[in-house]
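Comments concern the structure below.
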Amino acid sequence: MTNSTKKRVLTGSRATGMPHLGNYFGAYKPAIDLQHQYELFLFLADFHALNEHHSPAENRLNSYRMVASFMACGLNPSKSMLYAQSAVPEVNELAWILSCQVPFGVMARAHSFKDAQAKGLDINMGVFNYPILMAADILLFDANLVPVGQDQKQHLEMARDMAQRFNHHFSETLVIPEPMISETVAVVPGTDGEKMSKSKNNTIALFADDKEWKKQVLSIVTDAKGLAEPKDPDNCNIVKIFSLLGTPDEVRAMREKYLAGGYGYGHAKMELLEKIQATFGPMRDDYNHWMGRQQDLRNLLHEGSRKARHLAAEKLNAIQERIGLIGRPF
Ligand code: ADP
Ligand code: TRP
């Protein structure tokens, strides 16, 4: 964590439930794959999780699930920055500064807010301010690259605009972050064909027992074509999810079986299930190991958060200086 010539990659995930394949392919894997080339900042977006209302026990469990998942996915906390958003109060201080510069009209056009409004949800100010807190997460740590799924594209654009606006008013201070959205994994479909999401009941969990995985895979929605009929691999959720996991040859073979007929959706689901077990089974052992050591996870987070705060405080001081605030006495 000392090579300052390396660029920074940063991403966070809301601790709102069990991480799923969409989170893994859209954000965790691309971020963790880069941990040797870049300085990786991977954090628990536990403040962002609060605009959904869960019990204290659930909030705690969701945080552990997320950190245990990061570890099982190969995060090396001695090379990278692993921390909790709630343990770095400077993030909120920057969020306030940014919120005093973003026009209300821009915020009112945010998809996350408009979607919540369209669904008639009970909207709290956390939902409305969400993109500002996210921009602060990114800008406070001078992140160069931010791996996310397609759903976060607008938030990234807003973060870039906030940085540009700040730099324009107060001179070059904030790094303009680049989104990293890979086309093949931008929107991982859920079992119902919609975007896989913790808030919908359509996920395939990154880690689950075999029975649960089977239940989730069997619930993937398909059309009603019978076993003998040829099928369309381009419009099938099973193939879409299998394509993320299988080798090119395996995916080609599945597509050919679809086109030939005599291969049912039940067969395809079993192949997908086996692939999930083979890919994530060994990582699941790690996940379970960490879930049995929650105090160690907590210590890891505290240790990382301490390091992150140190960097955050330096950056916030520079920002306050630029604006003409008195700043902190240290
Ligand atoms: P969720 O929508 O399930 O609550 P999070 O808000 O925790 O997920 O998202 C964490 C990261 O995972 C974000 O970068 C988000 O864009 C990405 N992500 C979530 N769902 C998907 C998906 N279905 N496909 C691709 N990326 C996704
Ligand atoms: N908003 C992201 C999501 O809902 C999570 C998140 C919070 C995030 N802060 C971030 C992602 C900073 C990338 C960078 O998925």
Side-chain angles (χ1 to χ4, degrees), residues 11-32 42 44-45 48-49 51-54 62 65-66 69-70 73 109-121 123 126-128 130-131 133-134 137-138 146-159 179-208 212-213 215-223 232-246 251 265 268-269 272-273 275-276 279-280:
T11 201
S13 189
R14 296 181 313 144
T16 49
M18 185 64 200
H20 53 76
L21 298 194
N23 299 141
Y24 177 75
F25 286 107
Y28 305 174
K29 184 174 187 303
I32 293 171
L42 190 56
L44 181 69
H48 271 117
N51 54 30
E52 277 184 23
H53 297 141
H54 297 277
N62 288 336
R65 282 169 162 165
M66 187 141 297
S69 298
F70 290 160
C73 291
R109 285 194 292 276
H111 297 320
S112 47
F113 165 65
K114 286 204 315 192
D115 290 352
Q117 209 178 25
K119 284 184 197 145
L121 299 180
I123 299 171
V127 173
F128 191 73
Y130 191 101
L133 184 59
M134 178 159 165
D137 289 328
I138 298 169
V146 184
V148 282
Q150 176 75 22
D151 59 324
Q152 299 301 311
K153 188 166 183 264
Q154 192 199 33
H155 290 155
L156 256 297
E157 281 160 8
M158 293 172 89
M180 180 185 168
I181 304 175
S182 150
E183 224 174 88
T184 45
V185 295
V187 187
V188 174
T191 53
D192 57 358
E194 298 292 308
K195 182 193 99 106
M196 190 179 286
S197 177
K198 286 192 228 89
S199 55
K200 300 178 195 150
N201 194 17
N202 71 350
T203 63
I204 297 181
L206 188 49
F207 306 116
E212 183 64 18
W213 265 339
K215 195 171 131 211
Q216 292 173 344
V217 169
L218 289 181
S219 74
I220 297 175
V221 175
T222 61
D223 61 31
D232 179 4
D234 290 320
N235 280 307
C236 178
N237 295 325
I238 310 170
V239 179
K240 283 183 189 151
I241 300 173
F242 188 80
S243 303
L244 301 170
L245 296 157
V251 176
Y265 291 124
K269 285 179 178 177
L272 173 61
L273 179 61
K275 203 73 207 165
I276 289 172
T279 311
F280 297 109

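- Summarising the geometry of Met196 relative to Thr203, their closest heavy-atom pair is CG-CA, 3.7 Å, with the distance given to 0.1 Å.
- Taking the side chain to side chain contact (heavy atoms under 4.5 Å, CB included) definition, one finds that Glu194 meets it with Asp192, Lys200, Asn202, sequence neighbours left out.
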If you apply the rule side chain to side chain contact (heavy atoms under 4.5 Å, CB included), what do you find for Lys198 with Asn23, and how did you get there?
CA-CA 9 Å; Lys198 286 192 228 89; Asn23 299 141; 3.6 Å; yes

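- Note that CG of Leu218 and OG1 of Thr191 are 11.0 Å apart. Values are rounded to the nearest 0.5 Å.
- Tyr28 is linked by a ring pair (Phe, Tyr, Trp, His ring centres under 6.0 Å) to Phe70, counting only residues two or more places apart in sequence or in another chain.
- In this structure, the separation between CD1 on Ile123 and NZ on Lys114 is 12.0 Å, given to the nearest 0.5 Å.
- Residue His48 holds its NE2 atom at 4.5 Å from OH of Tyr130, rounded to the nearest 0.5 Å.
- Without hydrogens or angle criteria, Gln216 side chain to Ala205 main chain gives a donor-acceptor distance under 3.5 Å.
- For the residue pair Arg14 and Asn51, the shortest heavy atom distance occurs at NH1-OD1, 4.2 Å.
- Residues passing the ring pair (Phe, Tyr, Trp, His ring centres under 6.0 Å) test with Phe25: none are found, sequence neighbours excluded.
- Scanning for side-chain hydrogen bond (donor to acceptor under 3.5 Å, both in side chains) contacts around Ser112 gives His155, with sequence neighbours left out.
- With sequence neighbours left out, the side-chain hydrogen bond (donor to acceptor under 3.5 Å, both in side chains) criterion links Ser69 to no other residue.
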For residues 233-242, which side-chain N or O atoms pair as donor and acceptor with protein atoms under 3.5 Å away, sequence neighbours left out?
residue	atom	partner	partner atom	Å
Asp234	OD1	Arg255	NH1	3.2
Asp234	OD1	Arg255	NH2	2.8
Asn235	ND2	Asp232	OD2	2.7
Asn237	ND2	Val221	O	3.3

For a side chain to side chain contact (heavy atoms under 4.5 Å, CB included) check, start with the C-alpha distance between Tyr24 and Val185, then their side-chain angles and the critical distance, and finish with the verdict.
CA-CA 9 Å; Tyr24 177 75; Val185 295; over 6 Å; no

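- Contact check for Phe280 versus Leu21: side-chain heavy atoms found under the 4.5 Å cut-off.
- Listed for the Lys195 side chain is no donor-acceptor partner under 3.5 Å among the backbone atoms of Val187.
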Test side chain to side chain contact (heavy atoms under 4.5 Å, CB included) on Asn62 and Leu44; report intermediate values, then the result.
CA-CA 10 Å; Asn62 288 336; Leu44 181 69; over 6 Å; no

